[in-house]
Amino acid sequence: MKLQAVLCLALIWVELQNGSCQAIKRKKGTDESNTHSGGKRVRIRQPAPTSRKGKNQSLLTQVLDKGRFLRLGQSTSLTPGKNVELRCKGSKIRWSYPTYLGTFNDSRLSIKHSDKYSQLILTSPSAADTGSYSCWVIVCDGTDCQKDHDRTYTSYIYFTDKDNLFVPSAIHFEIVYLRPDRPAVVPCRVTEPQAKVSLHREVPAEEITSNRTLMTYDPTRGFILQNPSADLQGVFYCKAASKGTPQISTKYQLLYVEVPSGAPFVSLGASPELVRGGDNVNVTCTVLGEPEVDVSFNWSYPGQGQRPVHIQTLWRLVKRGMGHTTRVSQSILAVEDIETIDFGNYICKAKNKHGETIVTTKIVSS
């Protein structure tokens, strides 16, 4: 009996030891599993905010004093007169800036590239430099290089000047064309985004309100007229006020456009119609089109390369009733002392940004 009791106690002791070890192992396994699970959650969760931040965060920065940097938002207000340095990260960077800075090759603007970033410097900025400044990364596949639209960064910079609430323009009297099929913009931009701006007609003197036309104001563009009509023609100006005496913008001539967009509408004719040897003849190619759309002409004629001719090109704006405005462009080919070689087909090719039109007329001997 004693021996049996001893054996039972030994077996119980062994079972207790095994159970204790398994409990320890299970506890250890649980801790390891928690640690692994926690690590997994960290690995999954951590890249997400970093990725979102990298996607939305602008790489366009302004260099401040003492080596500090300021990331630029969609718009920024700066003080005129103080040099501006912008940087954009990347080894292949391109820039855009207000058009006139490039048109006039302004020496105040300089761009430098390095391996890690590109640098734009504008010295002595003024209210006229107010506008959109952008940089973007260029991605190349061999010799084929393209703009990376996902890494394009833009900031509209206001150079706020209390003496120049409106962005100065080199044109003191601008023409704005009104079309029934598209919005028109009266481009009175401001240097102070909080300025209160209104649109006024000169004669009769009145303020144009949104009650009369679907109109909005964007400080980066000007007044946007959504559905312009012929009754909005005339001379207009903008008025701006911001903590002081109101200021007046340049004047704008609003003209209503009659001719729709498209390839040139061409007519061709000779004068006189009846021609004999020795006569002088004018062949006129006429295009009616949009007021601001340029037209180029090209001629083919029988005596080309053998007979001298005189070609004159001109254009003018004309009103065609109900306040509509059309541009008349003409090319006049003059043949003096016409000879047998000059009789035949005269071909005029008129081309604008929308397309090309070819017309033919024939000069025959009477």
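Note that the structure is a prediction, hence the values are computed from the model and not measured.
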Are [Y] and [X] linked, directly or through intermediate hydrophobic residues, by side-chain heavy-atom contacts shorter than 4.5 Å (ILVMFWY only)?
{"X": "I121", "Y": "W95", "answer": "no"}
{"X": "W315", "Y": "Y177", "answer": "yes"}
{"X": "W136", "Y": "L101", "answer": "no"}
{"X": "L122", "Y": "Y100", "answer": "yes"}

**Prompt:** Given S169 and E174, is the side chain to side chain donor-acceptor pair (under 3.5 Å) satisfied, shown in steps?
**Reply:** CA-CA 9 Å; S169 172; E174 296 189 39; 3.2 Å; yes
For [X] and [Y], which heavy atoms make the closest approach, and how far apart are they?
{"X": "I208", "Y": "L232", "value": "CG2-CD2, 4.5 Å"}
{"X": "R221", "Y": "V185", "value": "NH2-CG2, 3.3 Å"}
{"X": "S198", "Y": "H200", "value": "OG-NE2, 2.7 Å"}
{"X": "C188", "Y": "F166", "value": "CB-CE2, 3.9 Å"}
{"X": "T220", "Y": "Y158", "value": "CG2-OH, 3.4 Å"}
{"X": "L72", "Y": "Q62", "value": "CD2-CB, 3.9 Å"}

Under 6.0 Å from the [atom1] atom of [X], do we count more than 12 heavy atoms belonging to anything else shown?
{"X": "D141", "atom1": "CG", "answer": "no"}
{"X": "E336", "atom1": "CD", "answer": "no"}
{"X": "K147", "atom1": "NZ", "answer": "yes"}

Interatomic distance, [X] atom [atom1] to [Y] atom [atom2] [nearest 0.5 angstrom]:
{"X": "L317", "Y": "L255", "atom1": "CG", "atom2": "CG", "answer": "7.0 Å"}
{"X": "N282", "Y": "S271", "atom1": "CG", "atom2": "OG", "answer": "6.5 Å"}
{"X": "C348", "Y": "Q330", "atom1": "SG", "atom2": "CD", "answer": "10.5 Å"}
{"X": "M215", "Y": "Q226", "atom1": "CE", "atom2": "CD", "answer": "11.0 Å"}
{"X": "S134", "Y": "I93", "atom1": "OG", "atom2": "CD1", "answer": "12.0 Å"}
{"X": "T360", "Y": "K349", "atom1": "OG1", "atom2": "NZ", "answer": "9.5 Å"}

**Message:** Please determine whether side chain to side chain donor-acceptor pair (under 3.5 Å) holds for the pair S155 and T76, giving the CA-CA distance in whole Å, both sets of side-chain angles, and the decisive distance to 0.1 Å.
**Reply:** CA-CA 7 Å; S155 184; T76 307; 3.0 Å; yes
Would you say [X] and [Y] make side-chain contact, with heavy atoms under 4.5 Å?
{"X": "N298", "Y": "K351", "value": "no"}
{"X": "Y133", "Y": "S96", "value": "no"}
{"X": "V197", "Y": "V190", "value": "yes"}
{"X": "H354", "Y": "E290", "value": "yes"}
{"X": "L225", "Y": "L254", "value": "yes"}
{"X": "L86", "Y": "L60", "value": "yes"}
{"X": "D115", "Y": "S91", "value": "no"}

**Request:** Under the side-chain contact (heavy atoms from CB on, under 4.5 Å) rule, collect the residues that match up with Q247, sequence neighbours excluded.
**Result:**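 Result, side-chain contact (heavy atoms from CB on, under 4.5 Å) vs Q247: L165.
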**Item:** By side-chain contact (heavy atoms from CB on, under 4.5 Å) - contacts of H310 (at least two apart)
**Value:**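 If we apply the side-chain contact (heavy atoms from CB on, under 4.5 Å) test to H310, skipping adjacent residues, the hits are Q312, A334.
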**Prompt:** Can you name the one residue among V167, D163, I157 that meets side-chain contact (heavy atoms from CB on, under 4.5 Å) with T191?
**Reply:**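 Looking at V167, D163, I157, the match for T191 under the side-chain contact (heavy atoms from CB on, under 4.5 Å) is V167.
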**Message:** Using a 4.5 Å cut-off between side-chain heavy atoms of Ile, Leu, Val, Met, Phe, Trp and Tyr, which other residues end up in the same hydrophobic cluster as V295?
**Reply:**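 Noted: V295 shares its cluster with V266, L268, V275, V281, V283, V287, F297, W299, Y301, V309, I311, L333, V335, I338, F343, Y346, V359, I363.
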Please check if the side chain of [X] supplies one atom and the backbone of [Y] the other of a donor-acceptor pair under 3.5 Å.
{"X": "Q233", "Y": "Y256", "answer": "yes"}
{"X": "N345", "Y": "K362", "answer": "no"}
{"X": "T61", "Y": "R71", "answer": "no"}
{"X": "T130", "Y": "F159", "answer": "yes"}
{"X": "D65", "Y": "R68", "answer": "no"}

**Residues in side-chain hydrogen bond (donor to acceptor under 3.5 Å, both in side chains) contact with Y156, at least two apart in sequence or another chain** =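 Y156: side-chain hydrogen bond (donor to acceptor under 3.5 Å, both in side chains) contacts with R189.
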Suppose we screen for salt bridge (charged side-chain N to carboxylate O under 4.0 Å, His left out). Which residues come up paired with [X], at least two apart in sequence or across chains?
{"X": "D294", "value": "R327"}
{"X": "E202", "value": "K251"}
{"X": "D342", "value": "R307"}
{"X": "D148", "value": "R151"}

**Message:** What verdict does the side chain to side chain contact (heavy atoms under 4.5 Å, CB included) test give for L78 and T160, after you've listed the backbone C-alpha separation in whole Å, the side-chain angles of each residue and the deciding distance to 0.1 Å?
**Reply:** CA-CA 6 Å; L78 300 179; T160 304; over 6 Å; no
Sort and list the pairs that fulfil salt bridge (Lys or Arg N to Asp or Glu O under 4.0 Å) and have at least one residue in [range], not counting sequence neighbours.
{"range": "residues 120-130", "result": "R108-D129"}
{"range": "residues 83-97", "result": "E85-R87"}
{"range": "residues 190-199", "result": "none"}

**Carboxylate-amine/guanidinium proximity below 4.0 Å for R276 and E339** =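 No, no charged N to carboxylate O under 4.0 Å.
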**Request:** Show the numbers, then the answer: is there a side chain to side chain contact (heavy atoms under 4.5 Å, CB included) between I111 and Y97?
**Result:** CA-CA 11 Å; I111 294 176; Y97 36 81; 3.9 Å; yes
**Request:** Determine, stepwise, if the pair C238 / V186 fulfils side chain to side chain contact (heavy atoms under 4.5 Å, CB included).
**Result:** CA-CA 9 Å; C238 299; V186 182; 4.2 Å; yes
**Request:** Kindly write out the residues that satisfy ring-ring contact (aromatic ring centres under 6.0 Å, His included) with F223, not counting sequence neighbours, or none if the list is empty.
**Result:**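 If we apply the ring-ring contact (aromatic ring centres under 6.0 Å, His included) test to F223, skipping adjacent residues, the hits are Y217.
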**Prompt:** Going through the distances and angles, do F69 and L64 end up as a side chain to side chain contact (heavy atoms under 4.5 Å, CB included)?
**Reply:** CA-CA 6 Å; F69 296 87; L64 304 177; over 6 Å; no
